[in-house]
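Counting from 1, the numbers follow the sequence of the chain as shown.
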Amino acid sequence: MLRQEIAASYQELSEEVEHGAEHPEPVEEGEVDDDQEDTSSAILPVLDSETGTSSPSVRFSKTCLKNVFSVILLFIYLLLMAVAVFLVYQTITDFREKLKHPVMSVSYKEVPLYDAPGIALYPGKAQLLSCKHHYYDHIPPLINPGQPGEIECTTQRINYTDPFTNQTMKHALIVQGPRDVKKRELVFLQFHLNETDQDFSAINYLLFSSFQEFLNSPDKGEFMKDCESSYSSWKFSGGFRTWIKMSLVKTKEDGSETVEFKQETSVVNYIDQRHKPASDQLFFVVFEWKDPFIQKVQDIVTANPWNMIALLCGIFLALFKAADFAKLSVKWMIKIRKRHLKRRSQAMNHIS
């Protein structure tokens, strides 16, 4: 009976082996490698250097260090991703702020000749006695002051209504200003006021950019009204020689260009040696260019869109690389964890 039972068991075992050889189970390539590594690790356990026995604690410590190192790297790359996102936000914010607040740029252009400016004088009851062009800051001594002299300037008189009240009629004397700044050209004018009922005597004037534009204007009255609305007016007093040095400032803003005159004024007292009535008054005024430089002021947007695009491309590339590395790190940690659990189960099965 015993022999018959042993023979029956042996025959059943042979049939199972033959069945397993004929119908093998499909196994994935990665699992085969892992099983081979796990089998080799199970068959060839780590031996202690002194005792020659297996040391699972050493293998566990290496795996633990790898996991800790992977977690640290993951946190570092997450931190870098957060920094990259902050840089993207800061870059876009700075670009918008620079667009809203452009920087003012000042440049100077040297010119040998200016376009002759227009000098609009409002003498009132005063009479123009003389007007001459001189050069190199030299004005010859006065001959018969208070008497009519030569008028060598290009002048034109015009009447127009006040642009602010539209009721008062204004009488203006338009004089062509100096041009040649290299030769220090100047215009010297002399006015005489016979009598006045005011406590203070002065003559108003304003400067506009081009005398030629005034001559070419079809409606000179409207032209002067626009000039008076756009430019500032000044005064020079009687009994003095007022020397006015002009400089030109062009401001470009929002696609439009405006012209403005800056002035430096020096006043010298006139010593009158004539026998005259007490109410008689003389006015002397000099117009000259200060220097050959036109000041140009314009708003410049310092934000460069190409620099911002390049910076954003670099930041997004770093984000994608960091995300890819983080994904690979997580996959590697999961794989190491599965491998460790499989080795542990194999070791337990081997011990049992």
Side-chain angles (χ1 to χ4, degrees), residues 114 116-160 162 168-180 184-209 211 214 220 224 227-228 231-248 261-290:
Y114 280 94
I119 305 171
L121 300 137
Y122 303 91
K125 295 180 180 180
Q127 178 187 1
L128 176 64
L129 297 180
S130 65
C131 178
K132 292 184 179 182
H133 288 260
H134 300 286
Y135 295 90
Y136 300 105
D137 292 344
H138 175 69
I139 299 177
L142 296 175
I143 299 175
N144 296 324
Q147 299 297 322
E150 298 179 355
I151 299 178
E152 300 175 354
C153 306
T154 304
T155 62
Q156 193 168 116
R157 294 184 180 273
I158 185 172
N159 301 325
Y160 63 93
D162 193 324
T168 307
M169 184 65 67
K170 305 196 75 170
H171 308 280
L173 172 65
I174 313 300
V175 180
Q176 182 178 3
R179 297 188 64 227
D180 197 342
R184 307 176 97 177
E185 180 185 1
L186 57 88
V187 176
F188 177 59
L189 297 99
Q190 180 184 176
F191 290 88
H192 172 261
L193 182 61
N194 190 17
E195 60 182 14
T196 179
D197 54 356
Q198 298 179 355
D199 297 329
F200 302 96
S201 57
I203 294 177
N204 296 337
Y205 71 95
L206 65 83
L207 304 172
F208 55 91
S209 58
F211 182 77
F214 167 75
K220 294 181 174 57
M224 289 307 303
C227 288
E228 191 170 351
Y231 296 98
S232 302
S233 61
W234 293 274
K235 297 177 183 290
F236 59 89
S237 300
F240 299 93
R241 188 194 67 185
T242 305
W243 199 302
I244 300 168
K245 292 190 175 183
M246 307 173 293
S247 59
L248 197 61
F261 283 91
K262 290 186 177 180
Q263 303 183 34
E264 292 183 5
T265 305
S266 60
V267 179
V268 178
N269 186 32
Y270 170 65
I271 301 175
D272 195 352
Q273 300 177 356
R274 300 173 301 120
H275 299 286
K276 61 184 187 316
S279 60
D280 192 14
Q281 193 77 44
L282 293 179
F283 300 81
F284 303 95
V285 63
V286 180
F287 293 94
E288 180 189 10
W289 287 109
K290 177 185 176 183

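One N or O on the side chain of R179 and one on the backbone of Y114 form a donor-acceptor pair closer than 3.5 Å.
With sequence neighbours excluded, the residues satisfying side-chain contact (heavy atoms from CB on, under 4.5 Å) with N159 are M169, H171.
Residues I158 and F214 have side chains in contact (heavy-atom distance under 4.5 Å, counting atoms from C-beta outward). Using a 4.5 Å cut-off on side-chain heavy atoms (C-beta onward), Y122 and S233 make no contact. The shortest distance between side-chain heavy atoms of F191 and L121 falls below 4.5 Å. Between E264 and S247, the closest side-chain pair of non-hydrogen atoms is not below 4.5 Å.
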Could you go through E185 and W289, starting from their C-alpha distance and side-chain angles, then the distance that decides it, and tell me whether this counts as side-chain contact (heavy atoms from CB on, under 4.5 Å)?
CA-CA 8 Å; E185 180 185 1; W289 287 109; over 6 Å; no
Stepwise side-chain contact (heavy atoms from CB on, under 4.5 Å) test for K220 and Q156
CA-CA 11 Å; K220 294 181 174 57; Q156 193 168 116; 3.2 Å; yes
Criterion side-chain contact (heavy atoms from CB on, under 4.5 Å) on Q263 and L207, from CA distance to verdict:
CA-CA 10 Å; Q263 303 183 34; L207 304 172; 3.7 Å; yes
Please test L186 against I139 for side-chain contact (heavy atoms from CB on, under 4.5 Å), starting from the C-alpha separation and ending with a verdict.
CA-CA 9 Å; L186 57 88; I139 299 177; 4.1 Å; yes
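Between G239 and N269, the shortest heavy-atom contact is O-OD1, 3.2 Å. The nearest pair of heavy atoms linking L206 to S232 is CB-O, 3.6 Å. When all heavy atoms of G146 and Q190 are compared, the pair lying nearest together is N-OE1, 3.1 Å. The shortest non-hydrogen separation linking H134 to F188 is CD2-CB, 3.9 Å. Contact detail for P123 and I203: the closest heavy-atom pair is CA-CG2, 3.9 Å. Contact detail for Y270 and L282: the closest heavy-atom pair is CE2-CD1, 3.8 Å.
If you take OG on S130 and CD on E152, they are separated by 9.0 Å, rounding to the nearest 0.5 Å. Annotation: the span from I174 atom CD1 to T154 atom OG1 amounts to 12.5 Å, rounded to 0.5 Å. Annotation: the span from I119 atom CD1 to C153 atom SG amounts to 8.0 Å, rounded to 0.5 Å. To the nearest 0.5 Å, atom NZ of residue K290 and atom CZ of residue R184 are 13.0 Å apart. Atom-to-atom distance recorded for L128:CG and L173:CG is 6.0 Å, nearest 0.5 angstrom. With rounding to the nearest 0.5 Å, the separation of OG in S237 from CZ in F284 is 13.5 Å.
Using the six-membered ring where Trp is involved, F283 and F236 have ring planes that are perpendicular, over 60° apart on the 30 and 60° scheme.
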